[in-house]
Engineer: 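Attaching a single structure in structure tokens format; questions to follow.
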Amino acid sequence: MTETLFLRSDELTGLAGPAAFVDAVREAYRQRGEGAAAEPRTKLGNAEPPGMLTSYGAILPDTGAMGGYMYSAGFGAGDAWFTTPLFDAESGEPLAIVDGASMNPFKTGATGAVGVDALAREDATSVAIIGSGAQARGQLKCTAEVRDFETVWVFSPTKEHRETFAGEMNEELDASVAAVASSAAAVENADVVITATNAAEPVFDGENLEPGTHVTVMGQYDPGKREIDSHTVEKAKYVPDLRARATKDAGAFIQAMEESVVDEDDIHAELGEVVAGNAPGREDGEEITVFDSGGTGIETVAGAYLLYERAVEEGLGETIDFAPASEALTGE
């Protein structure tokens, strides 16, 4: 039997902060840029009750871990559960099963931060964030680790939500955080724009982007939905998390292709290629850059292994036994 650690969500709280997640995810994307295996998500939909079953994975050989997410969302309970199996990349043995919902905003936010670090101007001091939920919170906390922001403008459709978010973040960050009444007001003069919404249509007008702006898009992974318009995709240096995902479920890029303003040759590089130094990131202060982050096993494995290591150090978790196939796959 193989001893495997089960980690509950409440045991993971506070084990790692945004800076640690950013470092782990940056290293994971470096490995991807040097050839580590990862594939876009597989999403299975169900009509009644409406829901989806999603999975994706990655192997991080230098980290020494592999695994990914499998999660259900919707269905009769109208909720979501994130299971995160983690394996040893050397032996193949299961290391842990992580209750993965609580880490999601941090590992996703860290991915956005790595994109900002690779593609935004070094002197960026202002950020617009469209969205005021858990993912927006994770994006902002992590991105604040890679740039010294002075000003943050927040917009989401519900006034109470954006004002509450701004108040909370104003207490947590060194930057001044304020809610504004429109996405246009948020985007105007922002050095970095982050979208973290469930919107099906563009949440701002690309005409309002100033030269030199970086945009991180993380809210959609559906061919029929997009947070940014085709004008933004057309005029930007476009970098997805995975090249294969850009034409599979990155709605903004797919719809821009359908409108014939871009084609696959307009995918500049994957984020990992930029992080590894195998493709250039930002090359001047005037270009507009887009990082399209739909979620991959890369940051999931990186985040889960970070928490696993911290949990082992703290003596957390419950050990369960897994039978290897050599013992259990007998047909008897």
Side-chain angles (χ1 to χ4, degrees), residues 1-9 11-42 54-71 81-115 138 142 241-242 244-245 270-273 275-276 293-326:
M1 303 293 282
T2 303
E3 290 190 347
T4 303
L5 202 61
F6 176 66
L7 294 170
R8 300 190 311 272
S9 182
E11 295 174 308
L12 305 177
T13 303
L15 280 183
F21 274 97
V22 171
D23 287 345
V25 170
R26 181 186 290 111
E27 166 58 18
Y29 271 92
R30 179 200 63 78
Q31 292 176 56
R32 169 60 187 173
E34 295 179 352
E39 290 291 334
R41 74 180 64 232
T42 297
T54 299
S55 64
Y56 47 70
I59 301 173
L60 302 179
D62 294 345
T63 300
M66 58 187 179
Y69 256 168
M70 176 169 278
Y71 66 92
W81 286 265
F82 293 76
T83 60
T84 313
L86 194 64
F87 299 85
D88 187 300
E90 182 76 21
S91 69
E93 295 175 330
L95 296 172
I97 298 175
V98 181
D99 183 351
S102 62
M103 78 166 182
N104 189 287
F106 295 98
K107 61 96 175 176
T108 307
T111 308
V114 173
C142 290
D241 42 19
L242 291 172
R245 196 188 68 79
E270 289 188 3
L271 178 62
E273 294 172 316
V275 172
S293 172
T296 77
I298 302 165
E299 59 266 25
T300 305
V301 173
Y305 190 72
L306 168 66
L307 294 174
Y308 165 76
E309 286 192 307
R310 298 282 177 93
V312 170
E313 290 172 3
E314 298 288 335
L316 300 174
E318 175 186 350
T319 299
I320 57 178
D321 289 327
F322 262 77
S326 60

Engineer: Given side chains that start at C-beta, do those of Thr84 and Met103 come closer than 4.5 Å, heavy atoms only?
Structural biologist: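 Result yes, sub-4.5 Å side-chain heavy-atom pair found.
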Engineer: For the pair Arg8 and Leu316, evaluate side chain to side chain contact (heavy atoms under 4.5 Å, CB included) and give the outcome as yes or no after the intermediate values.
Structural biologist: CA-CA 9 Å; Arg8 300 190 311 272; Leu316 300 174; over 6 Å; no
Engineer: Check this for me: Glu39, atom CD, are more than 12 non-hydrogen atoms of other residues, nucleotides or ligands nearer than 6.0 Å?
Structural biologist: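 Open.
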Engineer: To the nearest 0.5 Å, what is the distance between CG on Leu15 and CD on Glu309?
Structural biologist: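 The distance works out to 11.5 Å.
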Engineer: Looking at side-chain heavy atoms only, is the closest gap between Asn104 and Tyr71 below 4.5 Å?
Structural biologist: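 Side chain of Asn104 against side chain of Tyr71, heavy atoms only: no contact under 4.5 Å found.
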Engineer: Grab the two heavy atoms, one from Arg30 and one from Ala276, that are nearest each other, plus how far apart they are.
Structural biologist: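 Closest approach of Arg30 to Ala276, heavy atoms only: O-CB, 3.8 Å.
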Engineer: Side chain to side chain donor-acceptor pair (under 3.5 Å), that's the test. Do Tyr29 and Glu270 meet it? Break it down for me.
Structural biologist: CA-CA 9 Å; Tyr29 271 92; Glu270 289 188 3; over 6 Å; no
Engineer: Taking atom CZ of Arg41 and atom OG1 of Thr296, what is their separation to the nearest 0.5 Å?
Structural biologist: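 If I round to the nearest 0.5 Å, the distance is 9.0 Å.
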Engineer: For the side chain of Arg32 and the backbone of Gly272, is there at least one donor-acceptor N/O pair under 3.5 Å apart?
Structural biologist: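 Between the backbone of Gly272 and the side chain of Arg32 there is no qualifying donor-acceptor contact (under 3.5 Å).
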Engineer: Which value, rounded to the nearest 0.5 Å, describes the distance between Thr4 atom OG1 and Phe6 atom CZ?
Structural biologist: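 With rounding to 0.5 Å, OG1 (Thr4) is 12.0 Å from CZ (Phe6).
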Engineer: Ignoring hydrogens, what is the shortest heavy-atom contact between Pro85 and Gly68? Give both atom names and the distance.
Structural biologist: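 That closest heavy-atom pairing would be CD-O, 3.2 Å.
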Engineer: Would the distance check show the side chain of Glu93 and the main-chain N or O of Thr2 forming a donor-acceptor pair, the cut-off being under 3.5 Å?
Structural biologist: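 No; judged by distance alone, with no hydrogens or angles, the pair does not exist.
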Engineer: Could you tell me how the ring of Phe106 sits relative to the ring of Phe21: parallel (under 30°), tilted (30 to 60°) or perpendicular (over 60°)?
Structural biologist: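 Correct class here is parallel.
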Engineer: Distance from Leu12 atom CG to Glu314 atom CD, nearest 0.5 Å?
Structural biologist: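 Separation between the atoms: 12.0 Å.
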Engineer: Tell me, with the steps shown, if Asp241 and Ile298 meet side chain to side chain contact (heavy atoms under 4.5 Å, CB included).
Structural biologist: CA-CA 9 Å; Asp241 42 19; Ile298 302 165; 5.9 Å; no
Engineer: Is the backbone of Gly295 close enough, under 3.5 Å, to the side chain of Tyr69 for a donor and an acceptor to pair up by distance?
Structural biologist: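 No; zero donor-acceptor contacts below 3.5 Å.
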Engineer: Would the distance check show the side chain of Thr42 and the main-chain N or O of Ser55 forming a donor-acceptor pair, the cut-off being under 3.5 Å?
Structural biologist: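 Side chain of Thr42 to backbone of Ser55, a donor-acceptor pair under 3.5 Å: no, none is there.
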Engineer: Could you check Val98 against Phe82 for side chain to side chain contact (heavy atoms under 4.5 Å, CB included), going step by step and ending with a plain yes or no?
Structural biologist: CA-CA 8 Å; Val98 181; Phe82 293 76; over 6 Å; no
Engineer: Could you tell me the separation between the OH atom of Tyr305 and the CG atom of Leu60, rounded to the nearest 0.5 Å?
Structural biologist: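 Here the rounded value is 10.5 Å.
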Engineer: Backbone N or O of Gly317 within a donor-acceptor pair of the Glu11 side chain at under 3.5 Å?
Structural biologist: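 Between the backbone of Gly317 and the side chain of Glu11 there is a qualifying donor-acceptor contact (under 3.5 Å).
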Engineer: Any side-chain heavy atom of Leu86 within less than 4.5 Å of one from Val301?
Structural biologist: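 The answer is yes; the side chains approach within 4.5 Å.
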Engineer: Just how far is it from atom OG1 of Thr83 to atom CG of Asp99, taken to the nearest 0.5 Å?
Structural biologist: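 Here the interatomic distance stands at 9.0 Å.
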Engineer: Take Arg26 and Asp23 through the test side chain to side chain contact (heavy atoms under 4.5 Å, CB included) and record every step on the way to the result.
Structural biologist: CA-CA 5 Å; Arg26 181 186 290 111; Asp23 287 345; 3.3 Å; yes
